[in-house]
2 protein chains.
Amino acid sequence: MTSSHPLRRHIEQFTPISDEDWAMMEALLTERTIRKHECMIREGGMGRELGYILEGEMRHYYTYHGEEKTTYFYFENSLVGPYISCITGQPSQLTIEALSDTKLLVFPYTGLQKLYAQSKAWERFGRVLTEYLAIGLEERMVGLLTQSPEERYTQLLSSNKKKIIERIPQQHIANYLGITPVSLSRIRKRLSEK
Amino acid sequence: MTSSHPLRRHIEQFTPISDEDWAMMEALLTERTIRKHECMIREGGMGRELGYILEGEMRHYYTYHGEEKTTYFYFENSLVGPYISCITGQPSQLTIEALSDTKLLVFPYTGLQKLYAQSKAWERFGRVLTEYLAIGLEERMVGLLTQSPEERYTQLLSSNKKKIIERIPQQHIANYLGITPVSLSRIRKRLSEK
DNA sequence: GCATTCTCTTTACATAGGATAAGAAAAACG
DNA sequence: CGTTTTTCTTATCCTATGTAAAGAGAATGC
């Protein structure tokens with residue numbers, strides 16, 4: 001007995017949600033398409049909504065010393081948005097851009113906050129979601145601290161994040177690994193010669 | 001009207017807690033001293049409890065290729081523990097060691113889970129705490145991806161994390177910055193000559 | 001279908017950081 | 001105290017990555 005809505009199935013991977021609780025969320029959802037190179041949020045803007053990707057892919061980057069540093073990618077069936085700006089109420093330091101035409105369900109963060117307040121199940125969802133977010137960030141940070149760029153690349157090849165290799169331009173992957181595109185090209189050559 | 005218990009004050013920075021809710025937590029607490037070089041959790045062990053540091057300092061490291069890689073420090077008035085192992089139920093990959101004799105209040109993670117289940121305020125606390133944890137990790141990750149080791153060091157000097165510089169041996173700070181102690185020593189020399 | 005643009009690779013050069021080892025300084029300890 | 005151990009610095013050498021520029025290849029658009 002799988003629930004029919006893809007977002008509900010996603011949410012219920014974290015914690016079960018009653019029909020009543022789900023109805024509150026469903027009322028918040030709007031479908032939107034973001035065209036390639038357009039943005040869900042730009043640096044300096046206030047984070048007001050989160051989204052769930054139905055199809056497409058997005059990248060998330062910071063601008064530092066005038067350069068775009070891509071730090072994360074999002075694909076279909078995942079939640080995306082300027083969490084930090086939403087949580088802190090400060091202007092977003094990051095930009096989230098569609099890498100291809102991307103179809104999303106969006107909902108306002110204030111709506112999610114009301115769900116948190118109204119229902120213990122939603123509060124729990126928020127906690128568990130954030131726990132998994134933190135685990136992912138911790139793993140990423142430890143990889144950056146302990147592994148060489150080459151190790152990080154080979155690990156990406158053999159991980160459950162193959163999608164990144166398959167669908168994302170190398171310049172952005174290089175950023176994600178903490179190196180330049182030139183260096184990634186060299187690493188790829190080295191590996192292909194082994 | 002500040003609450004008298006330091007842990008309660010810490011928790012109420014995130015969300016208010018009623019006397020009743022606080023009483024449930026207080027019943028879980030045990031005071032413990034961990035001597036210098038002893039560990040709260042070792043790699044391979046199951047994470048079963050979290051702690052709040054009353055005095056002292058601890059470091060948190062992963063063992064990778066036979067070397068200890070210190071990735072975080074904890075000081076008085078902060079929560080510490082093998083969160084990830086507690087959350088996932090998997091053996092801990094990290095070790096948390098006291099850098100000096102450290103006095104803690106510890107509580108079992110299963111107890112916290114019961115608080116989550118029994119009270120919406122505790123569930124909210126869990127969410128908000130984890131949100132701040134995630135924000136800290138994101139900032140750390142972005143710094144590792146976008147800044148040079150020298151920039152990371154100078155930023156540490158001028159941040160609210162000065163405690164790290166003041167109280168932690170340089171070999172561990174080097175790890176935290178993602179470089180070797182030798183390299184940190186060179187960076188310090190470079191900076192002192194400017 | 002041709003031209004333009006974007007992406008990836010390659011080269012040459014400069015440099016910061018890694019590895020190792022040895023010495024200096026500081027801390028721990030009996 | 002004085003000894004031992006640990007921590008930090010310095011020196012040498014080496015290598016991977018950064019930068020810049022040019023060329024090859026792919027994708028895009030008119």
Side-chain angles (χ1 to χ4, degrees), chain A residues 35-38 56-57 59 61-62 64-71 73 97-102 143-157 164-194, chain B residues 34-38 56-57 59 61 64-71 73 97-102 143-157 164-194:
Chain A
R35 302 220 160 272
K36 188 170 179 174
H37 295 141
E38 289 182 351
E57 47 267 313
R59 72 178 175 117
Y61 66 87
Y62 290 82
Y64 190 74
H65 289 180
E67 292 186 345
E68 295 175 2
K69 301 283 186 174
T70 300
T71 55
F73 306 105
E97 181 200 72
L99 289 170
S100 62
D101 293 358
T102 297
L144 289 169
L145 283 171
T146 61
Q147 298 182 302
S148 68
E150 183 169 328
E151 284 174 311
R152 295 200 286 275
Y153 180 71
T154 54
Q155 184 157 316
L156 200 60
L157 282 174
I164 292 178
I165 303 278
E166 290 159 4
R167 292 167 54 179
I168 303 291
Q170 278 181 35
Q171 50 179 329
H172 297 145
I173 296 176
N175 268 286
Y176 179 83
L177 296 170
I179 55 180
T180 61
V182 176
S183 186
L184 177 56
S185 190
R186 279 187 290 230
I187 287 170
R188 284 161 54 82
K189 190 181 182 190
R190 267 203 315 266
L191 291 173
S192 72
E193 284 167 351
K194 283 179 185 170
Chain B
I34 300 187
R35 301 219 161 273
K36 187 172 180 173
H37 295 140
E38 289 182 352
E57 47 267 312
R59 72 179 174 118
Y61 66 87
Y64 190 75
H65 289 181
E67 292 185 345
E68 294 176 3
K69 302 283 187 174
T70 301
T71 56
F73 306 105
E97 182 200 71
L99 289 169
S100 62
D101 293 358
T102 298
L144 289 169
L145 283 173
T146 62
Q147 298 181 301
S148 69
E150 183 170 327
E151 285 174 311
R152 294 199 288 273
Y153 180 71
T154 53
Q155 184 155 317
L156 200 59
L157 282 173
I164 292 178
I165 304 276
E166 290 159 5
R167 291 167 55 178
I168 303 291
Q170 278 182 36
Q171 50 180 327
H172 298 144
I173 296 176
N175 267 288
Y176 179 83
L177 295 170
I179 56 180
T180 60
V182 175
S183 185
L184 177 55
S185 190
R186 278 188 292 228
I187 288 171
R188 284 162 53 84
K189 189 181 182 189
R190 263 197 325 260
L191 291 174
S192 72
E193 284 166 353
K194 281 180 185 169

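This is a predicted model, so every value here is computed, not measured.
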Nearest 0.5 Å please: distance from the [atom1] atom of [X] over to the [atom2] atom of [Y].
{"X": "A:Arg188", "Y": "A:Ile165", "atom1": "CZ", "atom2": "CD1", "answer": "7.5 Å"}
{"X": "B:Arg35", "Y": "B:Thr102", "atom1": "CZ", "atom2": "OG1", "answer": "10.5 Å"}
{"X": "B:Lys189", "Y": "B:Ile187", "atom1": "NZ", "atom2": "CD1", "answer": "13.5 Å"}

If every non-hydrogen atom of A:Tyr153 is compared with every non-hydrogen atom of A:Leu177, which pair is closest and at what distance?
CD1-CD1, 3.7 Å
Looking at every heavy atom in both B:Thr70 and B:His172, which two are closest together, and how far apart are they?
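Where B:Thr70 meets B:His172 most closely, the heavy atoms are OG1-CD2, 3.7 Å.
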Protein-nucleotides 24-29 of chain C N/O pairs closer than 3.5 Å?
| residue | atom | partner | partner atom | Å |
| --- | --- | --- | --- | --- |
| C:dA28 | OP1 | B:Lys36 | NZ | 3.4 |

Please report, rounded to the nearest Å, how far the [atom2] atom of [N] is from the [atom1] atom of [X].
{"X": "B:Lys189", "N": "D:dT9", "atom1": "NZ", "atom2": "C1'", "value": "8 Å"}
{"X": "B:Leu184", "N": "C:dA16", "atom1": "CG", "atom2": "P", "value": "16 Å"}
{"X": "B:Leu99", "N": "D:dT6", "atom1": "CG", "atom2": "C1'", "value": "14 Å"}
{"X": "A:Leu191", "N": "D:dT17", "atom1": "CG", "atom2": "P", "value": "10 Å"}
{"X": "B:Ile179", "N": "D:dT17", "atom1": "CD1", "atom2": "P", "value": "17 Å"}
{"X": "B:Ile173", "N": "D:dT9", "atom1": "CD1", "atom2": "C1'", "value": "15 Å"}
{"X": "B:His172", "N": "D:dT6", "atom1": "NE2", "atom2": "P", "value": "12 Å"}
{"X": "B:Leu177", "N": "C:dA16", "atom1": "CG", "atom2": "C1'", "value": "15 Å"}

Respond yes when some side-chain nitrogen or oxygen of A:Gln171 is under 4.0 Å from OP1 or OP2 of C:dT7, and no when none is.
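Looking at the OP1 and OP2 atoms of C:dT7, one of them is under 4.0 Å from a side-chain N or O of A:Gln171.
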Salt-bridged, A:Arg59 to A:Glu57, with N to O below 4.0 Å?
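No, no charged N to carboxylate O under 4.0 Å.
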NZ/NE/NH1/NH2 to OD/OE distance under 4.0 Å, B:Lys36 and B:Asp101:
no
Do B:Leu145 and A:Lys69 make a side-chain contact, defined as non-hydrogen atoms from C-beta onward lying under 4.5 Å apart?
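B:Leu145 vs A:Lys69: side chains apart.
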With side-chain contact (heavy atoms from CB on, under 4.5 Å) as the test, pick out the partner of A:Tyr176 among A:Thr71, A:Ile168, A:Leu156.
A:Leu156
Which part of the nucleic acid does [X] contact within heavy-atom distance under 4.0 Å: base, sugar-phosphate only, or nothing?
{"X": "A:Ser183", "result": "sugar-phosphate"}
{"X": "B:Thr180", "result": "sugar-phosphate"}
{"X": "A:Arg186", "result": "base"}

With DNA chain D as reference, determine whether B:Pro169 or A:Ser148 sits nearer its 5' end, using the nearest nucleotide of each.
B:Pro169
So for the helix from C:dG1-D:dC30 to C:dG30-D:dC1, with five pairs setting each end axis, what is the inter-axis angle to 10°?
50°
Please check if the side chain of B:Thr154 supplies one atom and the backbone of B:Glu150 the other of a donor-acceptor pair under 3.5 Å.
yes
Shortest side-chain distance from A:Gln170, nucleotide among C:dT9, D:dA16, C:dG17:
C:dT9
Position toward the 5' end of DNA chain C (nearest nucleotide), A:Arg188 or B:Val182
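Of the two residues, A:Arg188 wins.
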